[in-house]
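Worksheet: one structure, shown below.
One-based numbering, in listed order, for ligands and for the atoms of each.
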Amino acid sequence: MKALVLVDLQNDFMPGGALSVAEGDRVVPVANRLMPWFDVVVATQDVHPPDHLSFASQHPGRSPGDVVQIEGLAQTLWPDHCIRGTRGAEFVDGLDAGRIDRVFEKGTQHAVDSYSGFFDNARRRSTGLAEYLRGRGVADVFVMGLATDYCVKFTALDAVEQGFSTHLILDGCRGVELTQGDVQRAIDDMRNAGICIVQSDEAQRR
Ligand code: VGL
Ligand code: ZN
């Protein structure tokens, strides 16, 4: 069985959003086109409390992009984004969300961020995604969404580590690129971990 994992296709990551990803809107039609071709479609959703410690606003004197230590873990700081109950946290309007079988929330705990759709960054809690996919008989996982250099990367790396045959749908992703080269480095990291880099038309045929 083949699963499509849609990472964080939410308003705040779209152009004009609180943590906008350049051309983030361009991946939405890719998701809509691909969903009917998969046995299982899941989505991750970044959902933070208003005082989440990944927000620069919670650290006086700090700005988005700064890195701080929280409970011994390096944490990049972001603008306030994807706050539970706000429009920014909702899936983007144009997404055919009715085709999503199950949504996995992440980043819901105050002091721990979560880039991967499988585990939080401290690797304390599983979201249940791996168990769900196994329960549905999934062997092949295709990952796309936002952002290539953060949540897509860590979700794909955990998928391969969890034993799934993992593919990254390149034209279905866009990155934050906080530092120039971050997206390319993320793609290299994924390839080196054994993730197969494909285009959406190829993902449709496999
Ligand atoms: C993301 C930074 C903070 C992402 C989420 O979806 O890649 N990046 N929260
Ligand atoms: Zn976040």
List ligand 1's nitrogen or oxygen atoms that come under 3.5 Å of a protein nitrogen or oxygen, with the partner atom and distance.
| residue | atom | partner | partner atom | Å |
| --- | --- | --- | --- | --- |
| ligand 1 | 6 (O) | D8 | OD2 | 2.6 |
| ligand 1 | 6 (O) | L146 | O | 3.4 |
| ligand 1 | 7 (O) | A147 | N | 3.0 |
| ligand 1 | 7 (O) | C151 | N | 3.1 |
| ligand 1 | 9 (N) | D46 | OD2 | 3.1 |
| ligand 1 | 9 (N) | H81 | NE2 | 3.1 |

Between Q10 and C82, what is the shortest heavy-atom contact and its length? NE2-SG, 3.5 Å
Could I get the full list of salt bridge (charged side-chain N to carboxylate O under 4.0 Å, His left out) partners for D140, not counting sequence neighbours? none
Which word best sums up how the rings of H52 and F55 line up, parallel for under 30°, tilted for 30 to 60°, or perpendicular for over 60°? perpendicular
ring-ring contact (aromatic ring centres under 6.0 Å, His included) filter on F91, not counting sequence neighbours, yields none
Counting neighbours of CD on Q69 that are heavy atoms of other residues, nucleotides or ligands and sit closer than 6.0 Å, is the number greater than 12? yes
Keeping to distances under 2.8 Å, can you name the protein N/O/S atoms close to the Zn ion (ligand 2)? D46 OD2, H48 NE2, H81 NE2
Do D93 and R87 meet the salt-bridge criterion of a basic N to acidic O distance under 4.0 Å? yes
Cation-aromatic face contact K2/F142, 6.0 Å, 45 degrees: yes
Check against salt bridge (charged side-chain N to carboxylate O under 4.0 Å, His left out), D182 and R185: CA-CA 5 Å; D182 280 354; R185 276 189 288 276; 3.0 Å; yes
Give me the one residue out of Q75, H59, E71 that meets side chain to side chain contact (heavy atoms under 4.5 Å, CB included) with L53. H59
